[in-house]
Each structure stands twice: as structure tokens, then as C-alpha cells.
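Throughout, protein chains are lettered first and strands after them, A, B, ... in sequence-line order, and every chain is numbered starting at 1.
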Amino acid sequence: MPELPEVETVVRDLRPLLVGRSFIEITVSKKALRRKWSRSWEVHLLGQRTRAIHRRGKWILIDLGEPWLLVHLGMTGQFTVVSAKVPRETHTHVVFSLDDANELRFRDVRRFGSVTYYPSRVKLDAHFLQKGLGPEPFDLDPDCWGESLRNTRRSLKAILLDQTVVAGVGNIYADESLFEARLHPTLVGQTLNPKQAEQLRLAIVSVLTRAIEKRGSSIRDYVGGSGLRGQMQDEFRVYGRTGEPCVRCRTEIERIALAGRSTHFCPKCQRKRV
DNA sequence: ACAGGATCCTGGGGGC
DNA sequence: TGCCCCCAGGATCCTG
């Protein structure tokens, strides 16, 4: 589910509820997440005061002094702080009881998400380095971005989904960014001129910024760190609007399969010409 | 190098 | 009501 704007919203919601708190108990369900939770981590986590919470791409990083927690929401992950009195919902897989009678809960219906312990920031950085996680969209250097496009024969859609090129864009915001930039999703990176490359970079920044302002998109499962749904789903211009009229030209929005994902675009506004 | 498919999971919706 | 098929905000591995 969650792309950069959703993860950013979770982090902003959790920050005031989590910083300064410590874990007094950790409860884990029997069902395994994408990376299995190890009970041996718990001794290192209990009693540690939370110093900060950050986002990197679609990852959530919790700074507990020396140890860190790394969280990925996968497709259906929810990461919320609620009163311990609130009954736990089904599919709640990890619960961190806080020292203020609240609980930090990780719930994930499809279990594609993960909650992982790292003993230090250095180990965490090594993990990202090994994955080759790309730059944040807001810090993306125009020349570096242009270079990434010039050097590949892949489609724009595939490039946007590649977390090593730019971190945090997923299926929804890839489609919305391509519409904003008026570029066809099947266009090959190599064929863009510098002006178009820059248009696309700016479109990504603009779309993600707007989505953060709207607290992300809640289509089905997504909620922010305090349980509230987002509002950006009401402003999609192509995603999920197959057959509906384009907001710019009234042409019917088309849907194709590309890079293994459903892809939505306006065949008139997003021409294949370069 | 890159596209496409399968995989990990569960649940919702549509068609019959 | 039930069953079957398709679909889903992600990441990763394998094949051709």
C-alpha cells in the first residue's frame, strides 16, 4: 500500500507519540512477517528510550539510542499508537507496550511488511548501501536524475518504480507523476530530452508534496500513525480511473499492464512522441 | 540489460 | 449463500 507520502504521514503522526517513550513489553504473534522477528532482539530493545523517528524511501527508522528498528509496511501494513485499552485488531503482529499506557502496534493483513532490529546505525546504513537504495525524490540532483534516464532503455514506469533510482515512488504516484509531466509510461528513458527529464523530476516532487499535504491515499487498508485515513485518493487524476474522462481533455483514461503493474494514463495528454 | 512471470499472503468484489 | 477468478499502495527471485 504505502508509498512515500503514506510512510511520511505515519512518521509525522508517530513522532510526538513515540519520542521519549520506551518499550516495557514486546508481544509478537505466531505468524511470520516477511523477515522473521527474533526474540533475542527484545533484550536490546526493552527499556531503551526512543530518540527519534525518520523516514527513508518507504522505510521507517526508529532511533532507540544505540539499537534501531527498521519497519516496512509492505502492501497492507499499519503502524499506529493507540491506548492499550483499545482491543487489538486481527492481524496485529507486533505490539510494543509503551511506558505511558499506550501501545505501538504493527498490523499487516498480507504480511508483506517487516519489523527488524539493527544493533547500530552503522549496520542499518550498511543494509541500505547493500540494497543500493536511491536518493530521496526531494534531494534528487537534476544532473544525476538526467543521467539515470539517459543510461537506460527501460520504460519510464519501470524507472520510477526502481527504488535504486529514486526511493519512495510506487505504483500510484508513478502514474500520477507521469500524467503531471505529460509523459507516456512506456516511453524509454534514453529517449527523453533534458527538458522532459526535468519536467518529470519536478512532477514527482509536486505530486508527492501534494500527497503528503493530503496525508496520503487510503484506498483500502492504509491509515496514518494515529489511525486516520488519508485524503489523496479523492484527487487521483489517472490511478484507478480507467474509462473515466481525463480531467484535462475528457479522453477516457486507459489501463495497461507494464513493469508487472497496472498502469493508468491519458492516451491524448500523454503522447508517445518524444 | 531488461521484460515478464511467479512468489510471498489475505480479503474484497464481481460474475454466475 | 457459495464458489471461482481477478485484483490490490511492494519487493525479490528466476527465466528467457
*Is the gap between the ring centers of A:His264 and A:Tyr239 under 6.0 Å?*
yes

*Pair partner, B:dC9 [Watson-Crick or wobble, under 3.5 Å]*: none

*How many Å lie between CZ on A:Arg153 and P on B:dG4, as a whole number?*
14 Å

*Classify the nucleic acid contact of A:Gly170 as base, sugar-phosphate or nothing, counting any heavy atom under 4.0 Å across all strands shown.*
sugar-phosphate

*Scan A:Tyr173 against the nucleic acid and name what it touches under 4.0 Å (heavy atoms): base, sugar-phosphate only, or nothing.*
nothing

*Euclidean distance, atom CG of residue A:Asp162 to atom C1' of B:dG4 [Å, nearest integer]*: 16 Å

*Side-chain donor or acceptor of A:Glu180 paired with backbone N/O of A:Val207 under 3.5 Å*: no

*asked:* Any carboxylate oxygen within less than 4.0 angstrom of a Lys/Arg side-chain nitrogen, looking at A:Glu6 and A:Lys58?
replied: no

_At a heavy-atom distance below 4.0 Å, what parts of residues 109-122 of chain A sit against DNA chain B?_
A:Val109, A:Arg110, A:Arg111, A:Phe112

*Taking atom P in both B:dC9 and C:dC13, what distance in whole Å separates the two?*
15 Å

_Donor-acceptor pair present, A:Arg34 side chain and B:dC8 base, under 3.5 Å_ = yes

*Heavy atoms under 4.0 Å, any strand shown: does A:Lys131 hit a base, just sugar-phosphate, or nothing?*
sugar-phosphate

*Nearest whole angstrom, please: distance from the C1' of B:dA1 to the CD1 of A:Ile159.*
12 Å

*Can a side chain N or O of A:Thr76 be found less than 4.0 Å away from OP1 or OP2 on B:dT10?*
no

*Using a heavy-atom cut-off of under 4.0 Å over every strand shown, decide if A:Arg35 touches base, sugar-phosphate, or nothing.*
nothing

*Please report, rounded to the nearest Å, how far the P atom of C:dG10 is from the CD atom of A:Gln78.*
16 Å

*Min side-chain heavy-atom separation A:Phe236-A:Ser217 under 4.5 Å*: yes

*Validation row, ring centre A:Trp68 to ring centre A:His44 under 6.0 Å*: no

*Using the P atom in both, what is the distance from B:dG4 to C:dC7, to the nearest Å?*
16 Å

*Please measure how far the P atom in B:dG5 lies from the corresponding atom in C:dC6, and state the result in whole Å.*
14 Å

